[in-house]
A.B. asks: 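A single structure is presented below for examination.
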Amino acid sequence: MSDRDFLSIDDLSRDELQSLLEEAAAVKADPRAWADRLRDRQVALIFEKASTRTRVSFEVAVTSMGGHAVVLRGDELQLGRGETLEDTGRVLSRYVDAIVVRTFGQDRLERLADAASVPVINGLSDFAHPCQCLADLQTLREKKGELRGLSLAYVGDGNNVAHSLMFGGTKLGMDVRLACPTGYEPFPQVVERSVELAAESGGRLTITDDVERAVAGADVLYTDVWVSMGQEEGDRRRTFAPYQVGPAMIDLAGDDVIVMHCLPAHRGEEITADAIDGPRSVVWDQAENRLHSQKALLAWLLEQ
Ligand code: CP
């Protein structure tokens, strides 16, 4: 078996990403047809940070396709007592067919993936959240149809979720616009690569601190928490206050704008209650699609 990893959306070619999104739609339409796809397969899920959606959707995805999930917290592994990531990757590869990891630095994922001989999936790192992006793109296809030319305004911290949306959106020809406060822009290497992807696909990328510039006429409004796990330093709430998604921002966007959030949400901070709970919101479909898209991902990776 190959050990094709999924550490970033940019690990997939454009064709692979499109094909995976088609598979995710097929899983959702007929989940019973996928009930045996992971029969006798074992998947380890390691969480070094808290999780609701990733933890539950991966475990349910594995078991509902006939496989078995072993869910572990980082501090209950010998990893928490100094065993190396490399040794952990080598040993787990002797027991399981894939490893899903939620951790801090991308380097931790890369070290584990380099040593493992089975696929390693990024269940969120400080750099990227590719599984969330798959579910987001699946949701956009459901709500908006063709993704090419679709304008998505991401408002807030240029973080892991923003990085993955930049890669995925520009790869598929979208008009991706980020409004981030100064000092909270996406990583330069992500900007550079997304510019390349946009040039190849006919997409666009805009990075600004001007909310109006990013949001005007947008088809999609997307936000994430202002204080991500492990980033509790500084007075982020004051800095991010002008970037709250609420009724005025929705009015500034396109007439048929939809509102997205990867969750968990903090109502009254990055998004108002009437925005996340209102008629424009598609956040519950996004959360549901974590399950379907991850089923498609696991089946694809384990059949390489
Ligand atoms: N969106 C997301 O990854 O949710 P969890 O942190 O609950 O897994």
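Side chains included, hydrogens not; waters and symmetry mates left out as well; all remaining heavy atoms used. Whatever order the structure lists ligands and atoms in, that order sets their numbers, starting from 1. Along the sequence shown, the residues carry numbers beginning at 1.
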A.B. asks: Can you confirm whether the side chains of D274 and T272 place a donor and an acceptor under 3.5 Å from each other?
C.D. replies: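 Looking only at side-chain atoms, T272 and D274 do form a donor-acceptor pair, the distance falling under 3.5 Å.
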A.B. asks: Once side chain to side chain contact (heavy atoms under 4.5 Å, CB included) is applied, do any residues pair with R55, and if so which ones, sequence neighbours excluded?
C.D. replies: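 So R55 forms a side chain to side chain contact (heavy atoms under 4.5 Å, CB included) with F47, S51, E59, V71.
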A.B. asks: Side chains of N159 and Y184 only: does a donor on one sit below 3.5 Å from an acceptor on the other?
C.D. replies: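 Judged by distance alone, the side chains do not pair up.
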A.B. asks: Might you list the protein residues in contact with ligand 1, defined as having a heavy atom under 4.0 Å from one of its atoms, sorted by chain and number?
C.D. replies: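 S51, T52, R53, T54, R102, H129, Q132, C262, L263, R290.
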A.B. asks: Would you say CZ of R204 has more than 12 non-hydrogen atoms from neighbouring residues, nucleotides or ligands within 6.0 angstrom?
C.D. replies: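 Not more than 12 within 6.0 Å, no.
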A.B. asks: Ring pair (Phe, Tyr, Trp, His ring centres under 6.0 Å), that's the test. Do Y222 and H261 meet it? Break it down for me.
C.D. replies: CA-CA 6 Å; Y222 197 121; H261 191 309; 7.4 Å; no
A.B. asks: Are Q106 and S125 linked by a side-chain donor-acceptor pair shorter than 3.5 Å?
C.D. replies: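 Judged by distance alone, the side chains do pair up.
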